[in-house]
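Position 1 is the first residue of the sequence, and the numbers go up from there.
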Amino acid sequence: MDPRRVTWKAHNLRHVTEDHPERGVTKEDIEDVFADTNRQEEPDAVHGTTVAQGSNRSGTAFVVAFIELSDGAAFPVHARRGRLKR
């Protein structure tokens, strides 16, 4: 999968990195997930988002919920460490 550009605004950056410090997610972690050519993406119809599952450059797995913008960029709205629970 091709890398996907990430769009940040102050409120989504704060929400995914600062509002939940217990998750230990950084801006770089999220950007790494969207640069991961092995990431998987799937729609989440319940929440109206898309979910990406990938790894940061040190190999830690993350799940990132995002809104796909009209230009194809990702607007992250939620992130956590780990894999999707099935």
So [Y] and [X], do their side chains get closer than 4.5 Å, heavy atoms only?
X	Y	answer
Gln53	Arg83	yes
Glu28	Asn56	no
Thr60	Ser55	no
Thr49	Val77	yes
Val64	Arg80	no
Ile30	Trp8	yes

query = Can you name the residues that form a ring pair (Phe, Tyr, Trp, His ring centres under 6.0 Å) with Phe34, not counting sequence neighbours?
reply =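 Partners of Phe34 under the ring pair (Phe, Tyr, Trp, His ring centres under 6.0 Å) test: Phe66.
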Hey, what do you get for [atom1] ([X]) to [atom2] ([Y]), rounding to the nearest 0.5 Å?
X	Y	atom1	atom2	value
Thr26	Glu18	OG1	CD	12.0 Å
Glu68	Thr7	CD	OG1	11.0 Å
Asp36	Met1	CG	CE	10.0 Å
Ile67	Thr50	CD1	OG1	9.0 Å

remark   = Taken in chain and number order and not counting sequence neighbours, the residues that satisfy salt bridge (Lys or Arg N to Asp or Glu O under 4.0 Å) with Arg39 are Glu41
Please report the shortest heavy-atom distance between [X] and [Y], naming the atom on each side.
X	Y	value
Pro3	Thr37	CD-CG2, 4.3 Å
Thr17	Lys27	CG2-N, 3.7 Å
Ala74	Arg4	CB-CD, 3.5 Å
Val33	Ala52	CG1-CB, 4.3 Å

query = Is it true that Phe62 and Leu13 fall in one hydrophobic cluster, defined by side-chain heavy atoms closer than 4.5 Å?
reply = yes
In one Ile/Leu/Val/Met/Phe/Trp/Tyr side-chain cluster, 4.5 Å: Val16, Val63 =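 No, Val16 does not connect to Val63 through the hydrophobic network.
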query = If you measure from the Lys or Arg side-chain nitrogens to the Asp or Glu carboxylate oxygens, is any gap between Asp29 and Arg57 under 4.0 Å?
reply = no
task = Taking atom NE2 of His20 as the centre, report whether more than 12 heavy atoms of other residues, nucleotides or ligands fall under 6.0 Å from it.
result = yes
Heavy-atom donor-acceptor pair, Arg81 side chain to Ala61 backbone, under 3.5 Å = no
task = State which residues pass side chain to side chain contact (heavy atoms under 4.5 Å, CB included) with Asp19; sequence neighbours excluded, sorted by chain then number.
result = Arg14, His15
